[in-house]
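Taking it in order: structure first as structure tokens, then the write-up.
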There are 2 protein chains.
Amino acid sequence: MDDSIKQALIDIVGQSNFTDSLIDLVSYSYDSSDHEHRPDAAVWPTTSEQVSGILTMANQRRFAVTPRGAGTGLAGAAVPAGGGLILDLCRMNKILDIQIVDRRVVVQPGVVYADLERALNPYGFFFPPDPASGKVCTLGGNVATNAGGLKGAKYGVTKDYVMALEVVLPDGRIMRTGSNCMKSVSGYDLTRLFVGSEGTLGVATEITLKINPKPLALKTGLALFPSLKDAGQSVADIMHSGVIPSVLEVLDDNSIKVLREHADMDLPDVMAIILVETDGYTEAEVSFQMDIIIDLFKKNSAMDIQAADSPEEAEELWKARKSVGSVASQLRANNISEDVTVPISKVPDLLTGVSNIVRKYGLPFVVFGHAGDGNLHPKIMYDPSDPKEVEGAKKAADEIFTLTCDLGGTLTGEHGIGLAKAPYMKMEHDPVALDVMSSLKKLFDPNNILNPGKMNLDE
Amino acid sequence: MDDSIKQALIDIVGQSNFTDSLIDLVSYSYDSSDHEHRPDAAVWPTTSEQVSGILTMANQRRFAVTPRGAGTGLAGAAVPAGGGLILDLCRMNKILDIQIVDRRVVVQPGVVYADLERALNPYGFFFPPDPASGKVCTLGGNVATNAGGLKGAKYGVTKDYVMALEVVLPDGRIMRTGSNCMKSVSGYDLTRLFVGSEGTLGVATEITLKINPKPLALKTGLALFPSLKDAGQSVADIMHSGVIPSVLEVLDDNSIKVLREHADMDLPDVMAIILVETDGYTEAEVSFQMDIIIDLFKKNSAMDIQAADSPEEAEELWKARKSVGSVASQLRANNISEDVTVPISKVPDLLTGVSNIVRKYGLPFVVFGHAGDGNLHPKIMYDPSDPKEVEGAKKAADEIFTLTCDLGGTLTGEHGIGLAKAPYMKMEHDPVALDVMSSLKKLFDPNNILNPGKMNLDE
């Protein structure tokens, strides 16, 4: 990157908000996927106008700009595949407004999910998606990836809660989308074009979110299963039954083993565990739903069913679930984390199918995830210095995508396409749809400066 | 329209699916707004391939095509403002698939909302939006306008339930968007670009919808208020309180009077009525929520509060609410039906403000609507042969839009922009956003053949 560009960036954001030191650039080469690429510089803008100035310059001087939140993305969307500049939004981290009566908060993109949760708690409100990385991930990242989380089957995903955005377009223009109202059908839905666009169409610099009142009653339960198929079938039966649990998660035998052996958790040696939560305003309501669910566990051969007796006990169970990913990653230097999703009726087939595929390659793996919306997380650990393991992991991932598409599923339920799944877009999508997506990318970013190389839409 | 074009259309759809008879063309000049324009011909396609052939031809021969469902739209989106061809989807009216375990149905665009409701009922499932025109409106129309309805504040709107679409683009290409899974973040969200696009970007020929289990318990209540302000304030308090009623509707004094005098309904002579419903799985849950709501009614000076004692009694109350619009329309030959929406905290100001505005012009009017998501329906009746009344109605609408935007609201919560609100787009939207919307229109429809003249986006 030309020194004159670097100086111009410093002129925009100030010296203390610019870096091109090697150690910073190396850190910014990665997100939480197994992809990497070195950028040339990084900036921490603090205003929308600065972001606008930077993108305007990027268009004039033709350098790539990769927006970044906390770097917890699992698909490589924040990896600067085109080199160029990292646009780190973490210093735009204010909660700008909370209007409980309008069920609305306004945040800057660098606000951490858990910080928003803490701010809303005293009001008895919350922002539902609840991604497992909530302690560190940012709302800007949540919007860019349309993050899901544990509460998806009942409460939906980030996209269902974004009311309005301020977006800086690749050409530098600042635009407002959406409305401060609970609903609006005024013109095209630009908001939902940007949500989940993985930072390739624009950079969100202000986010208006709908928030929900917190349920007053919760019930948490756990069931142990003798096989993945039984666990999977109980998921399908539950989602069919007329109740919608607020959380419905599955852990396979590998996940259980990993937590037992590497995180010292006292979990039994079974083939699958399902964790479930029901919510509502009253004890009667949560018990009614849980009773139906328990009957379905029993119908599907659950060996043991336990309820959490206290909020603390429930908290321990969710902590276990949320830490599977990071504990499992410790088994090898690298891993592939997928989030293949299928229609609910196909969850048993996906669970058993993924297990069979990865076993063939002899690599450590876990399968866990948001069974309630058909979204599983196969995580395959591999040693990047061992070509056999590298190849095995990639082949396993290939076969998992093929299986998923054969089952009528989607490559990604919540992580996004990024770099990791870009080669598989043709496997899932209609060629006309892919062409339309590419046309949209070209319309917004004719010079392909904003997060180039992602999703294979800029070919 | 050239005879050769008419013959070519007959070749595509067959003689029995084509008309250019005067009586048909006159009928197709209208939707349920006060706009009109005569088309040159109309067709009833029965397959996606026919729709594709028609749009391809429209591009080659440069004639306008206006898609149409049941014509219940209130903004003129189905009025053939450019003349040309009406593309009436009502003969594509099959429910193609119901997969309860996947919470998914697939329908053709001409399926009537109430027919889908009937088909899902035996399974204990439903498609939540519940527009008041549900007995006649079509799912294609619901998708084109992103229809809302009585259940919006708790269950959201059509857009929240569309999983996938088959769309015929203006150039004739057939495209699939979305996924059969409960969630997907695979590529750009093309689905939500088309939902609410009012038939200006493409024609949906197959619609995949998410469905919900029906709640098992309902409680319906009614409260009478001495002023609009009190009624409005109770709405704000309720939506703030931590419960979310499944329905929260308001009727002003004019609505009540109209129902009493013209529909023989036994309603008291008060300034406002609020109708509320809570739902859940258990009696305890619905009562808990209703008790909180009743307390807030009392806090806001409710003169009387009644609960519906039976499902039949509840049904009567909802019938009253749903018929206000059509009963009121009988008061004059024409009317303007708005659906201005504001943040909840502004509902009291909008209710009283609208009332004050329209009173000035001495025209009969009603104000009712989905108070729970800030969406009111001012309906102003006028005699189109009386220039003073025509001018009065238009001025009142102008002032209502100005008031709405001043309160931070949106021109339309659920009816859409169409022709009726197209002149006001600049009042609500950022110029960059309007420019982007126009660019999208040009991208998909460079020859402006599909539903031209709508939303002022093709200027």
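What you see below is based on every heavy atom in this structure, not just the backbone, and it leaves out hydrogens, waters and symmetry mates. Every chain is numbered from 1 and lettered A, B, ... according to where its sequence line falls, protein lines coming before strand lines.
For chain A, the nearby part of B/Phe125 is the side chain; its heavy atoms alone come within less than 4.5 Å. Heavy atoms of B/Tyr424 lying under 4.5 Å from chain A are absent altogether. Interface residue B/Leu443: only side-chain heavy atoms are found under 4.5 Å from chain A. Using a 4.5 Å cut-off between heavy atoms, B/Glu428 touches chain A through its side chain atoms alone. Looking at B/Lys441, the atoms closer than 4.5 Å to chain A (heavy atoms on both sides) sit in the backbone and in the side chain alike. With a threshold of 4.5 angstrom between heavy atoms, A/Ile174 approaches chain B through N, CA, C or O but not through any side-chain atom. Residue contact with chain B, scored on non-hydrogen atoms closer than 4.5 Å, involves the side chain of A/Glu198 exclusively. Contacts between B/Gln99 and chain A at a heavy-atom distance below 4.5 Å are absent for every atom of the residue. The parts of B/Val243 that come within reach of chain A are both its backbone and its side chain, each placing non-hydrogen atoms under 4.5 angstrom from that chain. Contact of B/Asp237 with chain A is not made at all, since no heavy-atom distance falls under 4.5 Å. For B/Gln289, the part lying near chain A is the side chain, with the backbone staying farther off; criterion is any non-hydrogen pair under 4.5 Å. Only the backbone of A/Ala153 comes within less than 4.5 Å of a heavy atom in chain B; its side chain stays farther off. Only the backbone of B/Thr145 comes within contact range of chain A, with heavy atoms under 4.5 Å apart. Heavy atoms closer than 4.5 Å to chain A are found in the side chain of B/Leu216, but not in its backbone. With a 4.5 Å cut-off on non-hydrogen atoms, B/Val436 touches chain A through its side chain but not through its backbone. Interface residue B/His415: only backbone heavy atoms are found under 4.5 Å from chain A.
The shortest heavy-atom contact between A/Thr341 and B/Lys183 is CG2-O, 3.7 Å.
No side-chain donor-acceptor contact under 3.5 Å links B/Asn180 to the backbone of A/Gly408.
In summary, of the residues considered (B/Asn375, B/Asp373, B/Val157), a side-chain contact (heavy atoms from CB on, under 4.5 Å) with A/Met182 occurs for B/Asp373 alone.
The pair A/Asp102-B/Lys346 does not meet the salt-bridge criterion, since no charged nitrogen lies less than 4.0 angstrom from a carboxylate oxygen. Of the charged side-chain nitrogens involved, none lies within less than 4.0 Å of a carboxylate oxygen, so that A/Arg192 and B/Asp189 do not count as a salt-bridged pair.
Side chain to side chain, B/Thr410 and A/Ser179 fail the donor-acceptor criterion of an N or O pair below 3.5 Å.
The shortest side-chain heavy-atom distance between A/Leu193 and B/Leu440 falls under the 4.5 Å cut-off.
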Quick one, B/Ser186 with A/Met425, criterion side-chain contact (heavy atoms from CB on, under 4.5 Å). Give me CA distance, side-chain angles, the key distance, then yes/no.
CA-CA 8 Å; B/Ser186 185; A/Met425 286 283 269; 4.1 Å; yes
